Amino acid sequence: MAALSGLASALESYRGRDRLIRTLGYCCQLVGGVLVEQCPARSEVGTRLLTLSSQLSHCRTVLRLFDDMAMFIYTKQYGLGAEEEDLFVRGVSVLGNLADQLYYPCEHIAWAADAKILRVDSARWWTLSTAFWGLSLLLGIARSLWMVLKLRQRLRDPAVAFTSRLPRSKRRALEAQVQSEVLTLLSNLADLANAVHWLPPGVLWAGCFPPWLVGLLGTVSSLLSVYQAVRAGDWTEATAP
């Protein structure tokens, strides 16, 4: 009952619902891709799962039409990151917020072009939105790597090596932060692999992934995000596209 209650609470939140829809969509793509490629007898079921995955992705795209204002408020509140002590973290965070802010209108225009609302080339705008997403992921990866290095240096510093110098609760908090950054790093790496795949052919491994691999990477990223949200008890944090 506790698990069902937690799931119901998550579904009442926009971010929690989006996170679960993302996970389900990528799982469907993973299973559907495997069935289509490896199990000819189940290819029809696989095709249906791939269709369901596509529809869930489209659902998330439509819901993101209303995310611009929330992103703008967050970007404005963060500003130039004056509260951040680390200049590198401040710089990549500001650039990441800018990339995220530009991502949304590009995706909206691409969606409107596909829906025949706007008469523009949707492929160009999908590419631009994917590029901004990839840039945001790269900046997030750089931030996580930097944070892991800094935190580990702090834990290994001889000046704070003894528990008398660094309280056990503080050490545990730093270790938990390192774990969180590592999980975020792995999640962003998985998403970045997919982001490159969705860029135009000729860019690194763009277009080379089979559906099941895209589903696998997306599932890994989504499950890591769900795990972090459950552990933190926070379903309001923004999720990846």
Side-chain angles (χ1 to χ4, degrees), residues 1-68 70-71 100 103-104 107-108 110-111 114-115 126 129-130 132-134 136-137 140 180 183-198 207-241:
M1 290 298 295
L4 289 177
S5 177
L7 179 61
S9 297
L11 290 174
E12 289 178 358
S13 161
Y14 167 69
R15 294 302 178 190
R17 189 185 306 117
D18 179 70
R19 185 176 278 108
L20 292 174
I21 292 174
R22 184 181 198 266
T23 303
L24 178 59
Y26 277 120
C27 285
C28 288
Q29 186 169 6
L30 170 59
V31 176
V34 170
L35 291 178
V36 169
E37 189 169 318
Q38 303 294 334
C39 305
R42 298 289 186 90
S43 61
E44 183 179 352
V45 176
T47 300
R48 292 179 180 179
L49 287 173
L50 291 176
T51 300
L52 175 58
S53 174
S54 177
Q55 290 300 312
L56 290 173
S57 177
H58 181 70
C59 170
R60 295 183 66 235
T61 299
V62 173
L63 290 176
R64 281 197 297 271
L65 292 172
F66 307 96
D67 283 354
D68 301 72
M71 186 66 222
D100 289 338
Y103 161 82
Y104 287 106
E107 185 189 55
H108 300 340
W111 168 83
D114 282 347
W126 282 121
S129 67
T130 303
F132 280 126
W133 179 37
S136 175
L137 291 169
S180 178
L183 292 177
T184 299
L185 174 64
L186 294 175
S187 177
N188 284 343
L189 284 172
D191 282 335
L192 180 61
N194 275 343
V196 173
H197 165 73
W198 285 318
C208 295
F209 288 174
W212 69 265
L213 182 54
V214 174
L216 175 62
L217 292 169
T219 299
V220 168
S221 172
S222 299
L223 290 177
L224 288 173
S225 177
V226 168
Y227 171 74
Q228 288 183 280
V230 170
R231 189 177 66 170
D234 180 14
W235 287 90
T236 62
E237 183 181 347
T239 51

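Because the structure is a prediction, the values reported are computed rather than measured.
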Using only atom types and a distance under 3.5 Å, with no angle test, would you say the side chain of His58 pairs donor to acceptor with the backbone of Ser54?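 Checked: no pair found.
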
Determine the minimum heavy-atom distance between [X] and [Y], stating which atoms define it.
X      : Y      : result
Gly218 : Arg22  : O-NH1, 3.8 Å
Val62  : Trp111 : CG2-NE1, 3.8 Å
Cys59  : Ile21  : SG-CD1, 4.4 Å
Thr219 : Cys27  : OG1-N, 3.4 Å
Arg60  : Asp18  : NE-OD1, 2.8 Å
Arg231 : Leu183 : NH2-CD1, 4.4 Å

Nearest 0.5 Å, what's the [atom1]-[atom2] distance between [X] and [Y]?
X      : Y      : atom1 : atom2 : result
Glu107 : Asp67  : CD    : CG    : 9.0 Å
Leu213 : Glu37  : CG    : CD    : 9.5 Å
Arg48  : Ser43  : CZ    : OG    : 10.5 Å
Leu186 : Asp191 : CG    : CG    : 11.5 Å
Tyr103 : Ser136 : OH    : OG    : 10.0 Å
Leu185 : Ser180 : CG    : OG    : 11.0 Å

With a 4.5 Å cut-off on side-chain heavy atoms, are [Y] and [X] touching?
X      : Y      : answer
Val31  : Trp212 : no
Gln29  : Leu49  : no
Val230 : Val226 : yes
Leu35  : Glu44  : no

Show your working on side chain to side chain contact (heavy atoms under 4.5 Å, CB included) between Trp133 and Trp198 and close with a plain yes or no. CA-CA 11 Å; Trp133 179 37; Trp198 285 318; 3.5 Å; yes

Checking side-chain polar atoms at under 3.5 Å, does Ser187 have a donor or acceptor matched by the opposite partner on Ser221?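 A pair is found: one side chain offers a donor N or O, the other an acceptor, under 3.5 Å apart.
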
Check: Arg19/Ser222 side-chain N/O donor and acceptor closer than 3.5 Å: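 No - no donor-acceptor pair under 3.5 Å links their side chains.
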
Around atom CH2 of Trp126, are there more than 12 heavy atoms from other residues, nucleotides or ligands closer than 6.0 Å?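 Counting other residues, nucleotides and ligands, CH2 of Trp126 exceeds 12 neighbours.
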
Using the rule given for side chain to side chain contact (heavy atoms under 4.5 Å, CB included), can you reason through Arg17 versus Leu20, listing the C-alpha separation, both sets of side-chain angles and the distance that settles it, and then say yes or no? CA-CA 5 Å; Arg17 189 185 306 117; Leu20 292 174; 5.9 Å; no

Please walk me through it: do Leu217 and Phe209 pass side chain to side chain contact (heavy atoms under 4.5 Å, CB included)? CA-CA 10 Å; Leu217 292 169; Phe209 288 174; 3.6 Å; yes

If you apply the rule side chain to side chain contact (heavy atoms under 4.5 Å, CB included), what do you find for Leu30 with Tyr26, and how did you get there? CA-CA 6 Å; Leu30 170 59; Tyr26 277 120; over 6 Å; no

